[in-house]
There are 2 protein chains.
Amino acid sequence: MEYTVQKLGALAGVSTRTLRYYDEIGLLKPARINSSGYRIYGEKEVDALQQILFYRELGVSLEEIKEIVSSPDFDSVAALKEHREKLLEKQRQLDQLIKNVNATILSAEGRMTMSDQEKFEGFKKKLVDDNEKKYGAEIREKYGDAAIDESNRKLINMSEKNYEQLQALEQKMFTLLAEAIETGDPSSEIAQQAADLHKKWLCFHWKEYNKDAHANLAQMYVDDKRFTAYYDKQKKGTAVFLRDAILIYTAKQQ
Amino acid sequence: MEYTVQKLGALAGVSTRTLRYYDEIGLLKPARINSSGYRIYGEKEVDALQQILFYRELGVSLEEIKEIVSSPDFDSVAALKEHREKLLEKQRQLDQLIKNVNATILSAEGRMTMSDQEKFEGFKKKLVDDNEKKYGAEIREKYGDAAIDESNRKLINMSEKNYEQLQALEQKMFTLLAEAIETGDPSSEIAQQAADLHKKWLCFHWKEYNKDAHANLAQMYVDDKRFTAYYDKQKKGTAVFLRDAILIYTAKQQ
DNA sequence: TTACACGTTTCCGCTGCGTAAAGGTCAACC
DNA sequence: GGTTGACCTTTACGCAGCGGAAACGTGTAA
């Protein structure tokens with residue numbers, strides 16, 4: 001079986017541009033070029049492409065994929081381990097970034113105490129003109145807090161604690177909801193408390209609260225199977241009940 | 001106080017190229033241009049740059065930073081929340097990537113059973129021609145495994161379990177080490193067992209084992225304060241003891 | 001005057017393609 | 001034989017955030 005760019009592309013789920021690019025950088029050359037200059041691929045190329053796409057899915061760069069697939073005696077496991085290290089490093093950086101963003105949001109929303117605010121100012125400065133940024137950053141990240149400036153660490157931990165509080169809040173809502181569902185009445189005191197908690201939870205995620213949007217979201221919990229699955233995880237019918245409670249809750253707001 | 005590009009750059013820790021680029025994209029314009037065409041910055045620009053760099057450290061794009069800093073009534077908290085969502089999405093993708101890479105390494109190293117290997121073949125195929133990749137990927141990732149193909153989930157879980165075993169291995173080494181340190185003898189049976197566990201732990205991370213490299217690393221545990229801090233976390237002197245045990249261990253290998 | 005340490009603009013390069021533009025080729029249909 | 005439309009080709013710009021180099025002007029101290 002022989003394939004032109006479009007056929008191979010359709011088979012493997014990549015664009016023709018991608019195939020031409022892979023040819024250009026020498027990653028996947030066609031089996032031959034026909035008299036009209038068309039690229040013609042064979043079965044061997046199909047297999048090679050599968051392999052290439054597999055590594056691509058793992059986030060390996062095309063340059064490295066080339067090394068891996070071009071020489072059969074290349075140690076691909078070693079390459080993957082090296083690749084994993086890079087990914088882990090990226091993960092650590094990303095985690096740190098998220099913590100910093102969380103801390104900044106909390107600070108900006110005024111949920112910090114004054115003394116924490118002061119620390120935050122220091123943290124901000126530190127973040128910007130961190131002159132020892134490069135020196136051993138990977139190792140410090142990897143092997144922990146020992147070397148991290150103490151006040152910064154406190155701040156970050158605080159932001160984490162706040163985040164945990166948020167998850168606790170969601171948990172509490174679930175608990176209340178489970179109780180409320182026993183009464184069968186979404187307008188009951190307890191169900192309305194759950195709806196209020198849901199609003200509080202939302203406020204941390206949303207840029208600004210709006211009751212119509214809240215109501216719409218509640219409806220989506222029922223309409224979208226994936227959301228329903230999430231809320232019905234503990235008990236079936238929870239999503240519907242929560243929606244009703246929220247609709248009542250939002251309607252009651254003037 | 002007035003600054004030229006290089007002075008401001010030195011002050012804030014950025015290159016002159018960066019400052020020129022920020023001028024070019026309209027992110028930070030100099031206060032004025034002098035008669036020779038030099039960019040001249042004032043105190044106001046210093047503050048603005050600090051702010052810009054702060055957001056840059058949080059991983060915000062220059063385009064968004066421009067919006068945030070240019071209009072004072074812009075809702076920066078909302079922007080940061082949006083930014084956080086992007087980061088969280090990236091984090092989920094990265095986590096999945098790492099799991100897949102781990103699974104691949106385990107498979108390639110032959111640590112999988114045959115039946116798991118078969119699953120892995122399916123996993124590989126799935127990974128490459130995942131046609132429903134786009135549909136609701138975020139929500140699926142976010143709200144869990146309900147929709148994830150069962151056999152794949154088993155595979156990933158297995159790879160995670162294997163990874164946990166690795167951490168258990170390190171923990172075991174620490175326990176042994178604590179015991180061994182009581183004897184005070186790094187050549188004792190128990191200390192040598194700890195060194196052996198350390199080697200096993202290493203083998204998962206290293207592309208290939210080599211006793212000289214092992215010995216060198218052990219020495220570094222003592223020389224580099226950050227490593228020392230990690231190993232001495234539970235008990236001071238652990239790093240030195242571990243080094244001695246490893247030096248004896250590697251020396252004994254023919 | 002000469003050296004050299006600054007400043008300037010302009011442009012290429014990095015990754016992995018997407019998206020034109022401008023043009024040949026192949027099969028089918030009139 | 002002409003036309004249409006679905007293919008194919010190459011060339012090249014764009015994306016983010018600069019790094020680095022080339023080619024040239026300026027300020028100042030020896």
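Heavy atoms only: backbone and side chains are in, while hydrogens, waters and symmetry mates are out. Proteins get letters first, then strands, A, B, ... in listed order; numbering begins at 1 in each.
- Using a 4.0 Å cut-off, no side-chain N or O of Ser15(A) falls inside it from OP1 or OP2 of dC17(C).
- The side chain of Arg39(B) approaches dT8(C) more closely than any other nucleotide in the set dT8(C), dT25(C), dG7(C).
- The distance from atom CD1 of Ile25(A) to atom P of dT15(C) is 9 Å, rounded to the nearest whole Å.
- Residue side chain Arg20(B) does not reach the base of dT8(C) through any donor-acceptor N/O pair under 3.5 Å, judged by distance alone.
- One can place CD of Glu64(A) at 15 Å from C1' of dC14(C), the figure rounded to the nearest angstrom.
- Between the OH atom of Tyr41(B) and the P atom of dG7(C) there is a distance of 10 Å, rounded to whole Å.
- Proximity of a side-chain donor or acceptor of Gln51(A) to a complementary backbone N or O of Ala48(A) within less than 3.5 Å is not detected.
- Looking at Leu58(A), Val60(A), Leu28(A) one by one, the single match for side chain to side chain contact (heavy atoms under 4.5 Å, CB included) with Ile65(A) turns out to be Val60(A).
- In summary, of the residues considered (Arg39(B), Lys7(B), Gln6(B)), a side chain to side chain contact (heavy atoms under 4.5 Å, CB included) with Thr16(B) occurs for Gln6(B) alone.
- The aromatic rings of His214(A) and Tyr209(A) stand perpendicular to each other, their planes meeting at an angle above 60°, with 30° marking the opposite boundary.
- Rounded to a whole Å, the NZ atom of Lys66(A) is 13 Å from the C1' atom of dG16(C).
- Between Glu89(A) and Arg92(A), at least one side-chain nitrogen of the basic residue sits less than 4.0 Å from a carboxylate oxygen of the acidic one, meeting the salt-bridge criterion.
- OP1 or OP2 of dC17(C) sits under 4.0 Å from a side-chain N or O of Tyr22(A).
- Between the CD atom of Glu24(A) and the C1' atom of dT15(C) there is a distance of 12 Å, given to the nearest Å.
- The rotation axes computed at either terminus of the helix from dT1(C)-dA30(D) to dC30(C)-dG1(D) lie 50° apart, taking five pairs at each end and rounding to 10 degrees.
- The phosphate of dC17(C) (OP1 or OP2) has a side-chain N or O of Arg56(A) nearer than 4.0 angstrom.
- When the nearest nucleotides of DNA chain C are assigned to Glu63(A) and Ser36(B) by heavy-atom distance, the more 5′-ward of the two goes with Ser36(B).
- Within 4.0 Å (heavy atoms only), Thr16(A) reaches no atom of the nucleic acid at all.
- If you take CZ of Arg17(A) and P of dG16(C), they are 13 Å apart, rounded to a whole angstrom.
- Protein chain B contacts DNA chain D from dG17(D) to dG27(D), reading 5' to 3' and using non-hydrogen atoms of the protein with a distance under 4.0 Å.
- Each of Asn34(A) and Tyr21(A) was matched to the nucleotide of DNA chain C holding its nearest heavy atom; the match closer to the 5' end belongs to Tyr21(A).
- Other residues, nucleotides and ligands contribute over 12 non-hydrogen atoms within 6.0 Å of the NZ atom of Lys199(A).
- Counting all heavy atoms, side chain and backbone alike, Thr104(B) lies closest to Phe54(A) at OG1-CZ, 3.6 Å.
- When rounded to the nearest whole Å, the span between CG of Leu27(A) and C1' of dG16(C) equals 11 Å.
- In terms of modelled atom types and a separation under 3.5 Å, the side chain of Glu85(A) and the main chain of Glu82(A) share no donor-acceptor contact.
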Go through the steps for Leu19(B) and Leu49(B) under the test side-chain contact (heavy atoms from CB on, under 4.5 Å), then give the verdict. CA-CA 9 Å; Leu19(B) 289 177; Leu49(B) 182 55; 4.0 Å; yes

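- For dG24(C), its base sits under 3.5 Å from the side chain of Tyr38(A) at one donor and acceptor pair at least.
- Counting all heavy atoms, side chain and backbone alike, His83(B) lies closest to Gly59(B) at CE1-O, 3.0 Å.
- The CG-P distance, from Asp23(B) to dG7(C), rounds to 14 Å in whole Å.
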